[in-house]
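Here's the structure, in structure tokens; my notes come after.
Chain A is the first sequence line, chain B the second, and so forth, proteins listed ahead of strands; every chain is numbered from 1.
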Amino acid sequence: MTASVDMGVQDKMINPEKSEEAKLKARYPNLGNKPGGSDLLRKRLQKGQKYFDSGDYNMAKAKIKNKQLPTAAAPEKTEITGDHIPTPQDLPQRKPSLVASKLAG
Amino acid sequence: MAGAGGGNSDVQWCFSQVKGAIDDDVAEADIISTVEFNHSGELLATGDKGGRVVIFQQEPETKNQPQCRGEYNVYSTFQSHEPEFDYLKSLEIEEKINKIRWLPQKNAAQFLLSTNDKTIKLWKISERDKRPEGYNLKEEDGRYRDLNTVTTLRVPVFRPMDLMVEASPRRVFANAHTYHINSISVNSDCETYLSADDLRINLWNLEINDRSFNIVDIKPANMEELTEVITAAEFHPNQCNTFVYSSSKGTIRLCDMRASALCDQHAKQFEEPEDPNNRSFFSEIISSISDVKFSHSGRYMMTRDYLSVKIWDLNMESRPVETYQVHEYLRSKLCSLYENDCIFDKFECCWNGNDSVVMTGSYNNFFRMFDRGYRQDVTLEASRENSKPRSVLKPRKVSTGGKRKKDEISVDSLDFNKKILHTAWHPLDNIIAVATTNNLYIFQEKLN
């Protein structure tokens, strides 16, 4: 066994974080060096999907018909501008009566 | 060692109840977002992503089963918050309940504060078990009687009726937060409470909803210089002038409201020094504190960061007095946890009634308890497979080395979609509430 292989194994054991960091940088070479920096924080402050206007918002709501599985990741949300200009006929009717929580069932 | 709790290493935990739907197809609205016992432990409140609150009440102990503590059954449920649309910013405001905090009980009614990202509401939950009957001018169904048929006069009386529990919003505290509210905390003076968002903390009077005082503001003049955000805040349990707030950089600041109106200057700053040689891309992210809780005694506080739970003595700012590893085996998985955003999961933590044991959640529906006195820890699982009444929970183990023993689960087999972020411990007894994605599990100490 060569000395360099030994060193590699030892390194990973001493600092798994650093080897994980190397893995990440290998996959995303353009990743900035300030992980907790303002980019990440500002993305956090702006949590919440932006819509072009309230009509667009109602259109998007109408599309979410089926139940969604909870996901671990909140996907990167790009600006949503809607597929077309909503007209009164397109907008959904008043929200249906609220469903009770299944915990109370 | 089968369990940890109450300072007695022989505590065993049993399944008691599970609430919620069994099917795997989870609607987003059913995701539980907060769990909180009231001060007596008789009531247990949950909030979910759909803006709904469900309150469970413990049944009184029955004479024929004195060894079995009462079950929790539904007491009240209501829609606390609804989705809103901010027209000015074209932003959706989620109805998800971020936190629920109970007020100490002062009269027959119960009060709680519930909050979403922008608005805090004070709810009154009251019981009605009598109704007036025998009106002169109205029939029992409310229709007015023909006055010609009224020949006698009588005094209406209150008669018992089936118990009705009503929830009504008494105050709405709105428009005080530009950023997303992450914490609310009722002061021990029972008159004020604080609400914290990413950059500011406000102080409210429970009676006054059109005014609040800003007590902490960490917003930089130039947003490009933003380096940290507020992640949690809490009032001291008995010193009404003291509160703490935690940050995304792993520091906790303790403030004294007697010092000045604006508490930007902290009275104490708690931070564990970091070895610069060990610093990596992930260091700051995993040091971000997701929860801070004072002990009941007020002498200690506990913080939760991504991989550990730390206990701090308020008299020592330089480092925690105790550190417990929740799931250290994840340190060698940080790359994938960053890619799937799990590294940003916000786990909460809680103390037991006498501050001898602390609890927090993990992945794969595992949760961990650390007994501070006996220096023992245990990993338990909330799953439907262990849900036979009064069945004892078996400790779980994650295998980290190459050899996996029977009954152990390997790190790569953990389900990172099954996360336990919210747990609560009854203030007096060994009863715990553990929330999986959409189910609420109640476990109790095995009593012989």
Measure the shortest side-chain to side-chain distance between S248(B) and L41(A) over non-hydrogen atoms and say whether it is less than 4.5 angstrom.
yes
Applying a strict 4.5 Å limit to non-hydrogen atoms, the region of T46(B) in contact with chain A is side chain
For F281(B) and L24(A), the nearest pair of non-hydrogen atoms, with its separation, is CE2-CD2, 3.5 Å
When the 4.5 angstrom heavy-atom criterion is applied to F56(B) and chain A, the contacting part is side chain
Turns out that what part of R52(B) lies under 4.5 Å from chain A's heavy atoms comes down to side chain
Okay, N73(B) and chain A: the region with an atom under 4.5 Å from a heavy atom over there is neither
All heavy atoms of V74(B) vs all of L103(A), minimum pair found to be CG2-O, 4.0 Å
Heavy-atom count check: over 12 atoms from other residues, nucleotides or ligands less than 6.0 Å from I22(B) CD1? no
If one checks every heavy atom of I32(B) against chain A at 4.5 Å, the contacting part turns out to be side chain
Here the gap from S101(A) atom OG to K19(B) atom NZ, rounded to the nearest 0.5 Å, amounts to 11.0 Å
Okay, D86(B) and chain A: the region with an atom under 4.5 Å from a heavy atom over there is neither
Whatever's closer than 4.5 Å to a heavy atom in chain A on I93(B) counts as neither
Rounding to 0.5 Å, atoms SG (C335(B)) and NZ (K23(A)) come to a distance of 5.5 Å
Before you tell me yes or no, could you show the steps for E17(A) and R279(B) under salt bridge (charged side-chain N to carboxylate O under 4.0 Å, His left out), namely the whole-Å CA-CA distance, both residues' side-chain angles and the distance that decides it to 0.1 Å?
CA-CA 8 Å; E17(A) 258 182 69; R279(B) 204 168 163 73; over 6 Å; no
Rounded to the nearest 0.5 angstrom, the CG-CG distance for L226(B) and L45(A) is 6.0 Å
Check your understanding: Under 3.5 Å, is there a donor-acceptor pair linking the side chains of Y338(B) and E20(A)?
Key -> no
ask   = Any chance NZ of K418(B) has more than 12 other-residue heavy atoms, nucleotides or ligands included, within less than 6.0 Å?
value = no
Bottom line for Y75(B): the part with an atom under 4.5 Å from chain A's heavy atoms is neither
What one should report as the nearest heavy-atom pair of H180(B) and R44(A) is CD2-O, 4.4 Å
